[in-house]
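As the structure is a computational prediction, the values presented were derived from the model and not from experiment. For this chain, numbers begin at 1 and follow the sequence in order. Whatever order the structure lists them in is the order used to number ligands and atoms, beginning at 1.
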Amino acid sequence: MVKILSGKEIAEVIKREVAEEVKKMSIPPCLHVIQVGNNEASAVYVANKIKSAREVGIISHHTHFSATITQAELLEKIRQLNVDDSVDGILVQLPLPSHINEDMILESIHPEKDVDGFNPVNAGKLFQGKQTIPPCTPAGVIEILKRSHIAIEGKKAVVIGRSNIVGKPMAMMLLQENATVTICHSRTENLERITAQADILIAAIGKAGFIREKHIKEGAVVIDVGINKVTDESLVRELFDQTELEKRLKAVKEKGFTLVGDVSPKSAKQKAGFFTPVPGGVGLLTVAMLMKNTLKASQLRRN
Ligand code: NAD
């Protein structure tokens, strides 16, 4: 019988811990969120981040630029925030419009204020196993595993996906926890032969319900990082069993889509020992970890 790992409870505990630490500080940490353009998903993410900051007592500021802002103007704003001593964390919500070089923007954020952990300096420190500000999503996965008392040390962990935001840092963090780590990606041959050996399987692919029974080892811990909008009713029928199917089909009818991870929940239920749901799993941890990172950034910088 699969055990569902709820991100909700763990995220709430982390936020409570952050709030308690913030209360002890004479000046609360300050997070500055920059949004560019009117991407619908970005607006939701930014609103969630600001709401969470408020809940834990972190001061938050939000600068919303139009999509026509130039790269130079955005860099100038980040430069100002880098030297503003009252700001502990700077977050630029991705994606940015195509005329702006995302890498250049992320590299311009001062590593000490890089609460997303995307700056190459912080990525390099993570690679070397040094104290750093880690990317929120993989850090959230580690929290889920640890707080659910799932052993990582010595286990075979397979990460599917090699992005700088999720896959690569995820692999580094699992290595840091003494797992034996394999990274798979779009060019991996015989994917299921590798994934079916994983004690811990992390899917960060971006393809709805891609991971099926054949990919999963009996009893494995399956962590689903993917967030995909599914509009196709026949795919919904394929991915969900009777316990959830009706609710999901209703969502497609009413909202036009339902959110699905990279793992087929039906397959995970049949094969996995532990499974994170979508929604309600890793996604909730990402925001909680941003709060934790902002607290950490302020503590490291001020001390
Ligand atoms: P990405 O597109 O940058 O990377 C996807 C990775 O999947 C690539 O490295 C690619 O090699 C691999 N891949 C693609 N097709 C594959 C295949 N057929 N077989 C094996 N590997 C394959 O995406 P990303 O930014 O890393 O995000 C991955 C997923 O995680 C997306 O669904 C995204 O929405 C989600 N995500 C969730 C959170 C969260 O808070 N839960 C945060 C970030 C990303």
Looking at residues at least two apart in the chain, or sitting in another chain, which of them share a salt bridge (Lys or Arg N to Asp or Glu O under 4.0 Å) with E192? none
Could you pull out every protein residue that has a heavy atom closer than 4.0 Å to ligand 1, ordered by chain and then number? T137, I160, G161, R162, S163, V166, H185, S186, A204, I205, G206, K207, F210, V225, G226, I227, N228, V282, G283, T286
Using distance alone, with no hydrogens and no angle criterion, decide if T243 and K269 have a side-chain donor and acceptor under 3.5 Å apart. yes
Could you check whether any side-chain N or O of N119 sits under 3.5 Å from a backbone N or O of E107, counting only pairs where one atom can act as donor and the other as acceptor? yes
Verify, without hydrogens or angle tests, whether N122 (side chain) and P111 (backbone) share a donor-acceptor contact under 3.5 angstrom. yes
Applying ring pair (Phe, Tyr, Trp, His ring centres under 6.0 Å), can you list everything that pairs with H185, at least two apart in sequence or on another chain? none
Which ILVMFWY residues are connected to V2, directly or by a chain of links, through side-chain heavy atoms under 4.5 Å apart? I4, V158, I160, L191, I194, L201, I205, F210, I211, I216, V222, V263, F275
